[in-house]
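Take a look at the structure set out below.
Proteins get letters first, then strands, A, B, ... in listed order; numbering begins at 1 in each.
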Amino acid sequence: MSVNSYTVQAVFFYIFAALIVGSALLVVLLRNIVRSAFALFFTLFGVAGIYILLGADFVGVTQVLIYIGGVLILIVFGVMLTHNVYSVDIFNKLGTLVMGTVSAIVTFTMIYYAIKPVSWLYIGYKANAPTTGPIGRELMTSYLLPFELASVLLVLAMIGAAYLIRSEVKVKKAAGNGGPPGERPADGIRKEN
Amino acid sequence: MTNADEKFMQVNMGPQHPSTHGVLRLLVTTDGEVLSGVKPYIGYLHRALEKIAERVTYPQFSPFTDRLDYLASMNCNLAYAMTVEKLLNIEVPRRAQILRVIMAELNRISSHLIAFGSFSSDMGAFTPFLFGIREREFINDLFEIACGARLTYNYIRIGGVSKDIPGGFIEKTREFLDYFPAKIKEYNELLSYNAIFIKRLANIAVISPDDAFDYGITGPNLRASGIKWDLRREEPYLIYNELDFDIPVGKGEMGKTGDAWDRYMMRIYEMEQSAKIVRQCLDLLAPGDYTAKVSKVLKPPAGEVYVRAENPRGELGFYLISDGSTKPYRLKIRAPSFANLSIIPKLARGVMIADLVAIIGSLDIILPEIDR
Amino acid sequence: MTELINRILSGMSPTMPLTRLLITILIMVVSAAIVLAVSLLYEGFATYAERKVAGDIQARIGPNRVGPYGLLQFVADGVKLLLKEDIIPFYADRWLFIIAPYIVFTVSFAAFVPLSYSDHVSIANLNVGVLYMIAISSVVSMAILMGAWGSNNKWSLFGGMRAVAQIVSYEIPIVLSLLAAIIIPASLSMRDIIAYQSGGLGIFRWLVFNNPFTLIAFFVYFIAAIAEVNRTPFDIPEAESEIVAGYHTEYTGMRFAFFFMAEYGDMFVVSAIAATLFLGGWQIPFIGGIPMPVWLREVLQVGVFFTKVFLLIYVMMWIRWTLPRLRVDQLMELCWKYLTPIALFNLIGASVWVLLLHDRGVYDIIARVFTR
Amino acid sequence: MAGYFKKMYHSISTVLTGLGITIKYGINPKTEVTQQYPEVKREPPEGFRGKLFVDINICTGCTACARICPVDAITLKTVRDENKKLRPVLFDIDNARCIYCGLCVEACPVDNCLYFEKKYEFSAYSKEDLISHFGLGEVKPAESKTEDKKTEAGKEGKEAAQ
């Protein structure tokens, strides 16, 4: 929301920050893994809100589009396909706790040292200027190589996924009349008339 | 999902599922969208009709046959009447025979209209259903003129029909026959030859001729598999041998012979043929008795008899044993839908949930007949 | 709305941050309430229209009991839904079950925000308006999945999985076909896009007529949009005859109403995008060039915009009551084998057109030939 | 590739044909076939099987209807009056049980005694209200020995229920 008032921005910032922190805590603390996955929804939404507050509307909207519409869906699907979702014991080993603590400390240290040297520039209120055009131009000029590399990576991932699925179908076909699902594999489903 | 067997999921389809055509319950085992097994459970509509038959007199059972296949009551009445007539050796007057054919064929049309309509609504198109109902109402009006009832007619009785058709019936029937072909054309354009509809049905749930024999499938479902078997031709009863009509068989127009689309299309073709038969019968109709002389108390000789007739859904058979009293000793009903239902577990393997609906719809089962 | 706030705030002293905040929030809340009221009114009317259109198409009359021509039917429906028992299944995941309908509704409501209803009437003119719409509609799939999982019902889960697969897949042809149009005005802002389409008798500079590729893009978009909002023939997530009611099987009363309203809200939104991007938004056809008072122009523009949207919604309803439903794999096939490649090649074609002809449309070229 | 476009053409053309049919109905209000029931009531044809009616004054109390009824909808109790004539003191027809098959009407030996009315609206709040009572009520019994002939409707049916 682009309103020429720092107070309003501040209020919304704190709302979004509370949303992010609260839901992130839920993600970590909830014992029901499906619910944690859904709690992530609010975290990502809050992040998008922060982006928009910062005037980066394109990034904010892309955050919603990709993280909520894409990544989160995949995560939730993955969680749902875990078998016996409700009985997943998240805190089962002491080792996890130790490892978790260590990795958390390491991550926070890294973030701290990444943030510390930055000389924060207060740009003030600068929304309403279209950001899409500049972003596109930069992607196609200065950052063309990383951009293309990222797309190549994605294509590779897609091909890999497709290959994995194909091989599973092949295994099913080879299994023949082994079991009910293998029998007549996908007969009448993938076939075209 | 919390099942121990993580690969499959068991789902209850019915008895209150929107597309199980009544109270059929299917225990469906699925692997995602793909079915790996279907088990039908029947009996939710069991009313012990066969037992009731042993406790009521012969004429009294006639209204109960209305409730066998309530969409084709005339045909059920007819089969039962013919059974008792055979036991009693009653000769039915010619006018009554023609009236019976007219009613049976009109009822065949109205039954197929429901089959067409409910199938289309199973496939997600609701409009053809109401179009089908609209034409069916016309036939119901005709029946109402003839016998006073719109659903459970009890019109065809032992020895003939309950009463002669009143004036105006013939004209109104002709009006219907003139109006009907345009509507069939409309159905075909709207639904039968629609690309989505064809894609949903072609090559789905193919019943091979061998399977059809093995499972005792009859009626349009059998003919869709390419077998030209129609009792109206094979064992002509009433005046069917004098009439000129074709028996449509499945030719695999859109895919393999005997697929769901063929089964569906058989009903459209049969409606056309039935209309043709009714037209001929109206021409043949001559004055005469509408019923044979039948005594009020029927006491058939001891013996047993089996009579079958071509119902809209297949062969309806009555196996009647008489011990010489006024009540049947035993009446066994061979319901066509029951046999047709039995092939569902075979067809519904490796297909998708949406196809299961297509299978049930294309077999056009009716539950009161199955559960009896 | 931003301008409005700025205008009000500029008249105030900058030393009262709290008052400014309160006023800002007040204006936001009031405008949100207005949009909510309008959208609720629209949704009520849309449910009425749906039933009336269905009635017309099915040779029926449709609702005509409540109020004149049944216009108040939606009030009766709303009251009925409000008074219904609110059932939460015992084994449901309570939290997910409860919040899912609210998210679905909020999201569909949030999509009304960046729309440009006329030259000056819009709630927020986002620079990334079109992208925002696409993003916000992808959130729906998440909420649907939430409700589907939360219901702890297998049919719901089927519906939820289907819905997500469908929405995620169909976003691709939608975005690709929208891109073919967006590259011409080179802006993501709804207002800029509509402003670009002025002139040419108010109709020939619509992006749909800009070049042959945008024409194809319009149809691809419209088909994909129908799928995106889960309407027949693509209503497999709530396919009544297959999976009972899909993801909202377990929902009753007001929670169900939220899902229901969200569906109609989504219909409005996708139609509004189509109207904005392809059909000139609020550009008044033919008489747009005539000078007229500002208020009249605004009213006409809003009227024109809504007319276009409602026409598209009518087409959606018309399609819904005509066609049978696709199967889930056929739906995916349509998306990946037909719509996506077509949209992709179409986008390339449109890009080449823009590159070679410097975003001059067919009308510009013809007009140039004639003026020469 | 040709097949691809051919399929596409086929789909689009058939879909458009279907849409053409529905729009004809959609824009033409004359195609509506609905009757507005409470306002417009259709007149049932001659011989319509509606609610059963008994002209009790000409009823001979022969109980033929009760015996033929397949569902025991008719309860009949007759008493001999002073003229040694059978009179139906109790003649109840349970409209909820009746299946409107018409067997009783055909069985009735008296003309215009038991017949169907053209009445099809008889909803009620309770099952009891659905029973039509036609019986004469109290009839002065024969002066000589009171011989009550009780006929419970459809004895045969009763057996079946057991």
- Work out which heavy atom in Thr322(C) is nearest to a heavy atom in Thr127(B); give both atom names and the distance. N-OG1, 4.5 Å
- Within a radius of less than 6.0 Å around CZ of Phe45(C), do more than 12 heavy atoms belonging to other residues, nucleotides or ligands occur? no
- Task: Let me know if Asp122(B) has heavy atoms under 4.5 Å from chain C in its side chain, its backbone, both or neither.
- Result: both
- So how far is it from Arg60(C) CZ to Arg134(B) CZ, rounded to the nearest 0.5 Å? 12.5 Å
- Check: Lys199(B) side chain, Leu326(C) main-chain N or O, donor-acceptor pair, under 3.5 Å: no
- Of the non-hydrogen atoms in Trp155(C) and Val11(B), which two are nearest, and what is the gap between them? CZ2-CG1, 3.4 Å
- Which atoms of Val244(C) come close to chain B, meaning under 4.5 Å heavy atom to heavy atom: side chain ones, backbone ones, both, or neither? both
- Message: Please check if the number of heavy atoms outside Arg174(B) that lie under 6.0 Å from its CZ is greater than 12.
- Response: yes
- Task: With a 4.5 angstrom heavy-atom cut-off, could you sort out which part of Leu191(B) is near chain C: side chain, backbone, both or neither?
- Result: side chain
- Query: Taking all non-hydrogen atoms of both residues, which atom of Pro324(C) and which atom of Ile196(B) are closest, and how far apart?
  - Reply: O-CG2, 3.7 Å
- Query: Of the backbone (N, CA, C, O) and the side chain (C-beta and beyond), which part of Ser120(B) lies under 4.5 Å from a heavy atom of chain C, both, or neither?
  - Reply: neither
- Pairwise distance CE(Met352(B)) to CD1(Ile236(C)) - rounded to 0.5 angstrom: 8.5 Å
- Shortest non-hydrogen pair, Arg162(C) vs Ala354(B), comes out as NH2-N, 4.4 Å
- The interface call for Phe131(B) against chain C, heavy-atom contacts under 4.5 Å, is side chain
- Does Phe158(C) reach the side chain of Thr30(B), with side-chain heavy atoms less than 4.5 Å apart? yes
- Message: Taking atom CZ as the centre, does Phe345(C) end up with more than 12 heavy-atom neighbours from other residues, nucleotides or ligands that are less than 6.0 angstrom away?
- Response: no
- Region of Arg200(B) in contact with chain C, defined by heavy-atom distances below 4.5 Å: both
- Point-to-point distance, once rounded to the nearest 0.5 Å, from CZ of Arg327(C) to CD1 of Ile353(B): 12.0 Å
- Is the number of heavy atoms from other residues, nucleotides or ligands within 6.0 Å of CZ (Phe259(C)) greater than 12? yes
